[in-house]
Amino acid sequence: MNDSVYGIDLGTTYSAIARIGEHGAAEVIANFEGEQTTPSVVYFESPSNAIVGTEAKRVAISDPENACLLIKRHIGTEYPQEFQGTTYTPEAISGLILKELVTAANNESSSEVSKVVITVPAYFGVREREATRQAGQIAGLEVVGIVTEPVAAALSISARSEGNETIMVYDLGGGTFDTTIMKIGDGSVEVVAVDGNRLLGGADWDAALVNLIAERFIAEAGLGDDDPRYDEEFMLDLQLGAEELKKTLSRRDSASMRPTYDGRRASIEITRADFEEATQHLLAQTIEISERTLATATAKDANITVDRVLLVGGSSRMPAVKAALKDKLGWDAQDTDFDLAVAKGAAAYGQAAVNEVLSTGDEDTPVEVAADAAPLAFIPGSSATLSIANVLSRGVGVQLARDEADETGYIHFFASANEKIPYTAEPLHAGTVVANQAELDIKMYEQGGERESDVVADNSLLKNAELPLPSGLPAGAPVDITVEISAEGLVTMLVTDVTSGASVELEAQVSVLDEEQVAQETSKVAMLTLRS
Ligand code: AMP
């Protein structure tokens with residue numbers, strides 16, 4: 001075992017892996033095909049064999065039944081997928097991608113590294129973060145940390161000693177969009193506000209372009225009512241072609257492709273202006289979310305001004321992004337190395353974690369380093385330690401009843417999204433609902449949608465527990481609830497029956513898989529050979 005660690009950007013459409021090299025700089029490690037990013041696509045070739053990456057993406061066209069794409073959109077949810085007679089969880093499929101990345105990186109650098117840091121979008125809740133950790137575990141890896149993509153992106157830029165500055169990360173990836181405003185100082189990153197949409201990304205631009213091309217193709221090839229969009233193979237082909245065309249349009253003013261359907265061909269030319277018009281509603285959503293993030297940050301600190309805007313994620317390469325940020329918000333956004341920045345920052349975070357110079361605000365004692373310790377080459381500034389302060393990505397609450405007749409109840413929130421963590425909530429003094437109540441049924445919830453809602457169905461259950469009560473309590477007998485949230489976003493809720501002093505503690509270390517399922521998924525993944 002050595003003390004190296006990989007940083008992995010586990011993306012919806014592409015993933016990348018990096019480490020801190022000999023000279024203290026983060027470097028991306030190429031996969032078996034020599035590429036710096038690997039498509040997050042798994043193709044199940046046979047019951048005992050799977051392929052991950054570009055080749056998988058290629059063969060997915062002719063055999064979509066055995067291919068799995070965009071699995072990150074389902075991580076942490078019940079979404080069993082059957083391939084070649086075996087059912088896999090999203091965590092197992094993500095585990096296969098992680099395994100491929102690490103195997104290729106170990107091969108490339110002749111090492112045996114198994115410690116990893118994996119990145120997640122800032123607005124992932126507890127469930128998805130834990131599911132991501134389990135994906136690592138299923139791949140046989142030791143996950144030393146989960147870090148959010150924008151924090152990783154911030155760590156990857158050498159903000160070297162321009163003093164303190166406030167930066168905004170605009171991250172438009174393949175399947176997700178997120179925005180983060182943070183203050184960066186010497187060896188420190190403090191997140192102020194996060195926002196995003198987990199269902200918005202380059203794939204949506206692709207879909208809009210696919211539609212545009214298909215409509216033109218139907219007209220040009222004279223297909224009439226014969227809509228090729230119902231043909232799976234035609235669509236997969238078109239999707240791949242459209243993605244390439246989209247990338248070309250980031251460089252050129254127009255590009256063309258020649259779809260084929262039922263023996264008919266036509267050359268379709270798309271201009272950048274056509275493409276931008278067909279996708280302007282998508283771009284507008286990212287601007288609206290950016291404005292909302294700024295409003296959240298300003299509500300916390302009225303004097304905040306964004307000094308730098310960093311573009312992260314492959315889709316931020318589209319020229320319309322920079323233009324809209326300038327036009328609508330007056331921001332001169334700055335390029336990063338787009339789809340590699342996150343993996344590099346994750347490597348920096350991981351190295352600080354294994355070197356034990358990382359502080360996230362949870363420790364009772366601050367990180368100690370020798371007085372003459374050299375600055376960490378891989379983090380901004382000239383500090384020998386790295387400190388990261390984060391915010392809660394989603395609100396956390398408990399289900400309460402208004403009165404005896406209130407069967408559905410409502411959610412009382414202890415902490416809202418964007419609350420600084422670690423966090424101790426104000427204790428809640430509640431009461432039993434009826435006289436002689438036998439037990440308390442406690443349900444801890446996390447905000448489900450983009451906005452906080454007290455409607456139970458809009459939230460997702462994190463954990464539940466029961467606290468038996470002594471007999472003879474009157475209605476309204478006091479019950480105290482306290483909540484603590486760790487720097488990692490883990491919630492601990494303590495519910496106490498004040499009369500008897502009995503209490504129950506709920507810890508939201510939740511995930512869809514229990515230990516037995518993790519073991520099962522691990523063995524399924526271990527039984528598959530990976531051929532890249
Ligand atoms: P990421 O998940 O950050 O690797 O982003 C991948 C997404 O970026 C995919 O949707 C790609 O199609 C998109 N992408 C990559 N390069 C470009 C480009 N030059 N122009 C537009 N989109 C791109």
In terms of side-chain geometry, is the basic nitrogen of [X] or [Y] positioned less than 4.0 Å from the acidic oxygen of its partner?
{"X": "D301", "Y": "K183", "value": "yes"}
{"X": "E130", "Y": "K463", "value": "no"}
{"X": "K344", "Y": "D9", "value": "no"}

Inset, instruction - Any chance you could lay out the side chain to side chain contact (heavy atoms under 4.5 Å, CB included) test for L98 and I118, step after step, and finish with the verdict? - result: CA-CA 9 Å; L98 293 170; I118 310 171; 3.8 Å; yes

Would you check if [X] and [Y] make a side-chain contact, meaning some heavy-atom pair closer than 4.5 Å?
{"X": "T293", "Y": "T296", "result": "no"}
{"X": "L283", "Y": "V321", "result": "yes"}
{"X": "V116", "Y": "E142", "result": "no"}
{"X": "Y423", "Y": "F414", "result": "no"}
{"X": "R308", "Y": "W331", "result": "no"}
{"X": "V479", "Y": "V495", "result": "yes"}
{"X": "Q285", "Y": "N197", "result": "yes"}

Mind listing the closest non-hydrogen atom pair of [X] and [Y] along with its distance?
{"X": "V342", "Y": "A152", "value": "O-CB, 3.4 Å"}
{"X": "N418", "Y": "V192", "value": "OD1-O, 4.0 Å"}
{"X": "A153", "Y": "V169", "value": "CB-CG1, 4.3 Å"}
{"X": "L245", "Y": "L209", "value": "CD2-CD2, 3.9 Å"}
{"X": "T179", "Y": "S290", "value": "CG2-OG, 3.8 Å"}
{"X": "I287", "Y": "A324", "value": "CD1-CB, 3.8 Å"}

Legend entry - Donor-acceptor contact below 3.5 Å, side chain S40 vs main chain G11: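 Side chain of S40 to backbone of G11: a pair is present.
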
Legend entry - Polar side-chain atom of Q447 near backbone of G449 as donor-acceptor pair, under 3.5 Å: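 A pair under 3.5 Å: yes.
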
Inset, instruction - Please check if the distance between the ring centroids of H412 and Y410 is under 6.0 Å. - result: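 Ring centroids of H412 and Y410 are no less than 6.0 Å from each other.
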
Legend entry - F177/Y170 aromatic ring centres below 6.0 Å: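 Yes: the rings meet the under 6.0 Å criterion.
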
Inset, instruction - Using the test side chain to side chain contact (heavy atoms under 4.5 Å, CB included), find all partners of D339 that sit at least two apart in sequence or belong to another chain. - result: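 If we apply the side chain to side chain contact (heavy atoms under 4.5 Å, CB included) test to D339, skipping adjacent residues, the hits are T37, R317.
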
Inset, instruction - For side chain to side chain contact (heavy atoms under 4.5 Å, CB included), just list the numbers for K443 and L461, CA-CA rounded to whole Å, side-chain angles, deciding distance to a tenth of an Å, and then say yes or no. - result: CA-CA 7 Å; K443 290 187 174 138; L461 183 67; 3.7 Å; yes

Inset, instruction - Check the surroundings of atom CZ in R252: do more than 12 heavy atoms from other residues, nucleotides or ligands lie under 6.0 Å from it? - result: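 Not buried by this count: 12 neighbours or fewer within 6.0 Å.
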
Legend entry - Parallel, tilted or perpendicular: ring planes of H74 versus Y79, cut at 30 and 60 degrees: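 H74 and Y79: parallel rings.
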
